[in-house]
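Note sheet for the following structure.
By convention here, the first residue in the shown sequence is residue 1.
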Amino acid sequence: MGFFQGDTSSVLLEWPRTAKFILSACAATVAEIVTFPLDLTKTRLQIQGEAAQGGSGGRAYRGMVRTAFGIAREEGPLKLWQGATPAIYRHIVYSGVRMVAYEQLRESPLGRNEDSSFPFWKSVVGGMLGGALGQFMASPTDLVKVQMQMEGRRRLEGKPPRVRGVYHAFVKIISEGGVRGLWAGWVPNVQRAALVNLGDLTTYDSVKHFLLRNTTIQDNSVCHGLASTCSGLVAATMGTPADVIKTRIMNQPRDTCGRGLLYKSSLDCLLQTIRGEGFMSLYKGFLPTWMRMAPWSLTFWLTYEQVRRATGVTSF
């Protein structure tokens with residue numbers, strides 16, 4: 001262990017941003033694999049309202065547990081991880097960029113106070129900017145992930161498959177809408193990421209350092225666990241409406257020019273969803289979203305803090 005720490009520390013001193021990007025990507029990969037079935041369940045729940053309004057499949061499941069068991073029973077247990085590959089690709093880009101961007105903004109240009117504290121309003125700005133930048137860069141992989149997650153449902157409804165794998169999905173999207181087609185739905189995607197990171201990064205950073213400054217809790221797993229539990233709840237509450245809109249826009253069929261056939265824009269999708277299903281439909285899938293974000297946040301932050309410590313990087 002000593003050799004490992006000494007060897008990696010020299011690399012980290014030379015390439016600190018690259019090292020933090022890699023460490024955050026590793027932690028996000030672990031968290032994504034552990035909690036991905038909940039993300040798939042959430043996506044299926046968010047799409048069901050469309051089927052009820054005009055699709056042929058109707059409302060197949062009710063509730064998170066029935067949805068998860070229904071997928072495992074009708075499509076096979078491994079289908080709960082369908083779309084995991086692009087999801088991991090997404091988090092390598094998304095989490096790596098957002099974490100590095102937030103820490104860079106925290107040090108400069110936003111900057112800490114003279115007592116090394118980071119004002120809440122600056123944390124809000126840093127969290128939203130970091131999340132928006134990371135999600136914009138990772139949006140193509142998110143688009144592929146959403147479409148792959150719906151393939152099992154399409155087969156059960158007797159519809160032809162749209163994609164056969166990650167590579168085919170990328171090729172198909174580019175052939176239909178050009179390179180710009182890879183960023184379909186990027187506006188609600190970025191909006192959601194900004195809100196989620198306002199809940200996740202800002203809450204975690206603020207709660208963690210509040211505990212360190214005002215309680216006897218040390219900078220250890222207990223502190224990290226409490227802060228990540230709070231961040232998961234706030235992130236789910238703030239991000240679910242934008243996530244519903246994002247998922248529907250990304251999943252909608254498109255014409256030969258890449259334009260959506262169901263929704264003209266994020267605002268149009270928002271208004272149609274509220275008119276057709278009511279305001280609370282914006283929180284459709286909230287329970288699996290929260291139940292995914294809570295363990296995801298816990299797994300990510302505990303892993304991230306531990307790998308930083310193991311490799312000689314200072315605590316987040």
Side-chain angles (χ1 to χ4, degrees), residues 25 28-29 32 36 39-40 42-51 54-57 75 79-98 131-194 196 239 242-270 272-273 285:
T29 299
E32 192 69 14
F36 188 80
D39 185 56
L40 178 69
K42 173 208 71 176
T43 301
R44 295 288 183 91
L45 284 170
Q46 290 173 340
I47 296 298
Q48 284 179 164
E50 294 177 322
S56 60
E75 304 171 36
K79 292 299 181 180
L80 289 169
W81 278 270
Q82 183 163 4
T85 299
I88 291 173
Y89 292 162
R90 178 223 176 207
H91 266 289
I92 289 175
V93 178
Y94 169 65
S95 290
V97 171
R98 74 180 181 117
L133 177 61
Q135 186 56 64
F136 177 77
M137 297 182 68
S139 193
T141 56
D142 211 13
L143 176 62
V144 172
K145 181 197 75 171
V146 169
Q147 294 198 1
M148 287 185 66
Q149 285 178 328
M150 295 307 299
E151 284 307 301
R153 177 71 179 274
R154 288 177 61 85
R155 282 193 293 271
L156 290 176
E157 293 174 352
K159 299 177 181 178
R162 290 185 298 189
V163 297
R164 295 189 298 271
V166 176
Y167 177 75
H168 178 252
F170 275 111
V171 172
K172 182 175 183 293
I173 292 169
I174 293 175
S175 66
E176 293 178 350
V179 175
R180 291 181 58 184
L182 291 172
W183 272 267
W186 74 268
V187 174
N189 220 0
V190 168
Q191 291 170 343
R192 172 191 176 274
V196 167
D243 192 38
V244 171
I245 302 303
K246 176 214 73 170
T247 300
R248 292 188 171 198
I249 287 180
M250 284 187 162
N251 185 66
Q252 68 176 326
R254 299 184 178 277
D255 61 20
T256 55
C257 296
R259 292 187 294 264
L261 299 179
L262 298 179
Y263 312 113
K264 298 177 182 179
S265 63
S266 301
L267 180 60
D268 181 48
C269 180
L270 174 68
Q272 285 195 46
T273 301

(message) Counting C-beta onward and ignoring hydrogens, is there a side-chain heavy-atom pair between S139 and V190 closer than 4.5 Å?
(response) no
(message) When you compare the side chain of T273 with that of C269, does any pair of heavy atoms fall below 4.5 Å?
(response)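 Sidechains of T273 and C269: in contact.
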Gap separating the [atom1] atom of [X] from the [atom2] atom of [Y], nearest 0.5 angstrom:
X    : Y    : atom1 : atom2 : value
D268 : I245 : CG    : CD1   : 9.5 Å
R98  : H91  : CZ    : NE2   : 7.5 Å
Q135 : Q191 : CD    : CD    : 11.5 Å
I173 : H168 : CD1   : NE2   : 10.0 Å
L182 : L143 : CG    : CG    : 7.0 Å
I88  : W81  : CD1   : CH2   : 11.5 Å

(message) I'd like to know if the side chain of E32 and the backbone of A87 have a donor-acceptor N/O pair within less than 3.5 Å.
(response)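 Checked: no pair found.
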(request) For the pair R248 and L262, evaluate side chain to side chain contact (heavy atoms under 4.5 Å, CB included) and give the outcome as yes or no after the intermediate values. (result) CA-CA 9 Å; R248 292 188 171 198; L262 298 179; over 6 Å; no
Could you report the tightest heavy-atom contact between [X] and [Y], atom names first, then the distance?
X    : Y    : value
V196 : G239 : CG2-CA, 3.8 Å
L261 : Q252 : N-OE1, 3.5 Å
A193 : G131 : CB-O, 3.4 Å

(message) Checking Y89 against V166 for the side chain to side chain contact (heavy atoms under 4.5 Å, CB included) test, could you report, in this order, the C-alpha distance in whole Å, the side-chain angles of both residues, the deciding distance, and whether it holds?
(response) CA-CA 10 Å; Y89 292 162; V166 176; 4.1 Å; yes
(message) For W183 and F136, take the angle between the two ring planes, folded into 0 to 90°, and tell me which bin it lands in: parallel under 30, tilted 30 to 60, perpendicular over 60.
(response)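 Rings of W183 and F136: tilted, as their planes differ by 30° to 60°.
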